[in-house]
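Throughout, numbering of the chain's residues begins at 1 and tracks the sequence. Every number for a ligand or one of its atoms is a count from 1 in the order of the listing. Hydrogens, waters and symmetry mates play no part in the numbers below; they use all other heavy atoms, side chains included.
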Amino acid sequence: MSILITNIAELMTQDAEQRVLRDVAVVIEGERIAWIGAAAGAPAADEAVDAGGRAVLPGWVDSHTHLIFAGDRTAEFEARMAGESYSAGGIAVTTGATRATSDFDLTRLALGRVAEAVSQGTTYLETKTGYGLDVENEARSARIASTVADEVTYLGAHLVPAGADAGEYTDLVCGPMLAAVRPYVQWADVFCERGAFSEDQSRRVLQACREAGLGLRVHGNQLGEGPGVRLAVEFGAASVDHVNYLAAADVEALAASWSGWNAGDGAAGGSSGSGPRGTVATCLPACDLSTRQPLAPARELLDAGVQIALASNCNPGTSYTSSMAFCVTTAVLQMRLSVQEAVRAATYGGALALGRERGNDVDGERAVGSIAVGHRADLHLLNAPSATHLAYRPGIPLTHAVWRAGVPQRVR
Ligand SMILES: N=CN[C@@H](CCC(=O)O)C(=O)O
Ligand SMILES: [Zn+2]
């Protein structure tokens, strides 16, 4: 099955050269992008789509969500809006509700959240465990997550359950719980923060998970300065997420982690980035607003040479939204990113945080988060002539059509 999309006003490729192409056409063949160029030279296709002078972007890559949960934390949100501050303790409320919910209902709830994200332009997403917090429920969360998301992260180290000893619980996370989730997950994460896991406990979790062959990420520097970023860089984590409170040394360490990386080799057919990846700083603007934390210093990070991602952090406590468009809008209006930078962070940046930014027909892997021949056909057609409208028309639902791995998706 092939699809020819014509009459595209602006194609924001986020490819190696960060090209923005005008008046072009795209051919999708099966799950891949097969051709890009002027419509007059397009090969024949089974189906034709007239984009009507609209803009096309890569689908959003949401590299940080927590979708495997039941229950509701409206009361906690209301208290926060009335002046209470966020603390990690709310995770226990969701854990109770999640444990009490059947596999069938947890799966149904998670699938509904994925559908909501996809209908707004998300085409590749990660999700985490972390509301099970015992061996049985973490394994169950991981198994369900592996059926609904593209990438799964083990977050047994989300909160020490009430009544548990922190050291003993960390042993469990590093031992039997890790063994139980291992068949279902590619990544591991630790909430390294006051009220959650200390530096020593976080280090043990990262060490054990690395030995188990998992890629690493860290929730760090959300509620204050701390060891999260430093640990993430030391362990070669793919990302450190939140990054609200950064010391100068944290920014320097993140920037240094990218020093051996070459951002683009466009000549090699559109795949981008070579050399060892550093640690992506993942900014979560919807979470920052909902917890009334200072916005992560995305501008400063970019200016220092750090690769950043934007993600929704969709979860019931700190960020109950899957809207990547909202994150992009906020990044432009309030974090001082250009539209190109914000869209890049929400597409290519997310792919970089998940190690999925490379690959075309040559190596068998298909890159996500950018538009180039051989990459996965994840396209987001906006109901607007340019991506600038994402910030220019805040709050307006602009998703017109979505293709995920070449398959058209339902848009509400
Ligand atoms: N910071 C840690 N975990 C989540 C919040 C989880 C919750 O409060 O339920 C976050 O990313 O913000
Ligand atoms: Zn999170």
Side-chain angles (χ1 to χ4, degrees), residues 62-80 84-99 109-110 113 117 125-133 137-138 141 145 149 151-162 173 187-198 201-202 205 216-224 226-229 232 237-245 280-296 309-322 324 327 350 353-354:
D62 194 347
S63 60
H64 183 145
T65 77
H66 306 247
L67 301 182
I68 315 301
F69 69 88
D72 176 275
R73 308 242 301 268
T74 305
E76 177 188 323
F77 176 78
E78 285 172 350
R80 203 157 62 236
E84 296 265 320
S85 57
Y86 172 71
S87 82
I91 294 166
V93 174
T94 303
T95 299
T98 303
R99 287 179 180 173
L109 288 166
R113 294 171 189 132
L125 65 82
E126 177 265 15
T127 202
K128 302 177 206 300
T129 72
Y131 294 119
L133 305 187
N137 284 290
E138 279 297 300
S141 298
E151 308 262 341
V152 182
T153 300
Y154 167 45
L155 184 55
H158 202 187
L159 183 77
V160 179
V173 169
W187 301 95
D189 194 348
V190 55
F191 188 11
C192 178
E193 198 75 52
R194 70 181 136 87
F197 289 79
S198 69
Q201 291 156 358
S202 300
V205 171
L216 303 177
R217 45 187 85 261
V218 174
H219 273 70
N221 301 59
Q222 176 186 11
L223 305 173
V229 167
S239 72
V240 56
D241 303 41
H242 286 289
V243 296
N244 299 85
Y245 294 91
V280 173
T282 301
C283 303
L284 309 167
C287 174
D288 300 347
L289 294 175
S290 180
T291 54
R292 300 219 162 122
Q293 294 292 321
L295 290 162
L310 288 171
S312 73
N313 190 17
C314 183
N315 78 79
T318 62
S319 188
Y320 201 4
T321 179
S322 56
M324 291 291 283
C327 297
L354 294 171

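I68 is not listed as a side-chain neighbour of L109, based on a closest heavy-atom distance of 4.5 Å or more. Residues S63 and T282 have side chains in contact (heavy-atom distance under 4.5 Å, counting atoms from C-beta outward).
Around the Zn ion (ligand 2), protein N, O or S atoms at less than 2.8 Å comprise H64 NE2, H66 NE2, H219 NE2, N313 OD1.
Side chain of S312 to main chain of M324: no donor-acceptor pair is present (N/O by atom type, distance under 3.5 Å, no hydrogens or angles). No side-chain donor-acceptor contact under 3.5 Å links H242 to the backbone of Q222.
Using cut-offs of 30° and 60° for the angle between ring planes, the Y131 and F69 rings count as perpendicular. Ring orientation note: the planes of H219 and H64 are nearly perpendicular, at an angle over 60° on the 30°/60° scale.
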Hey, mind stepping through C283 and L310 against side-chain contact (heavy atoms from CB on, under 4.5 Å) and telling me if it holds?
CA-CA 5 Å; C283 303; L310 288 171; 4.0 Å; yes

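For the salt bridge (charged side-chain N to carboxylate O under 4.0 Å, His left out) test, residues two or more places apart in sequence or in another chain that qualify with E126 are K128.
For ligand 1, the 4.0 Å heavy-atom shell takes in H64, H66, R73, Y86, I91, Y131, H158, F191, H219, Q222, H242, C287, N313, N315, G317, T318, ordered by chain and residue number.
The list of salt bridge (Lys or Arg N to Asp or Glu O under 4.0 Å) pairs with a residue in residues 282-294, not counting sequence neighbours, is empty.
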